[in-house]
Amino acid sequence: MERPLLTVLLLVGLVIGCAVGSAYARARRGWNDYQTVKKSVPGARRGAWSLIRGVVVKAAVIGVLLFGAVAYAAVGSDEETAGPVPSQSPTQSEPPHR
């Protein structure tokens with residue numbers, strides 16, 4: 001009677017030990033992954049801000065160019081685009097004599 005009880009207790013202990021060991025290994029792996037990601041966050045944050053800064057600079061340059069184009073179109077160019085202005089024709093007061 002004593003031997004089957006010890007066998008059952010040994011099997012229950014092995015099952016519980018495997019479950020606890022597996023949970024511990026999973027928790028340890030998760031902690032190591034967390035530490036790795038935590039160390040890489042400042043570099044990733046700097047990279048993200050540099051990308052955002054690049055987009056803002058490009059948008060500002062495009063905005064300035066658009067503003068300049070609109071201002072140039074509003075003021076107009078220096079060239080005369082209306083063409084030649086008709087001149088006044090001389091008026092004749094007397095009909096010509098023959």
ILVMFWY cluster, L6 and L14 together (side-chain gap under 4.5 Å): no
Test of understanding: clusters of I, L, V, M, F, W, Y form through side-chain heavy atoms closer than 4.5 Å, transitively. Do V8 and I16 belong to the same one?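 Cluster IDs for V8 and I16 match.
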Is there a donor-acceptor pair closer than 3.5 Å between any side-chain N or O of S50 and the backbone N or O of G47?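 A pair under 3.5 Å: yes.
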Looking at T7 and R3, would you say the former's side chain and the latter's main chain have a donor-acceptor pair under 3.5 Å? yes
Between I52 and W49, is any pair of side-chain heavy atoms under 4.5 Å apart? yes
From CA spacing to verdict: side chain to side chain contact (heavy atoms under 4.5 Å, CB included), V37, Y34: CA-CA 5 Å; V37 170; Y34 167 74; 5.9 Å; no
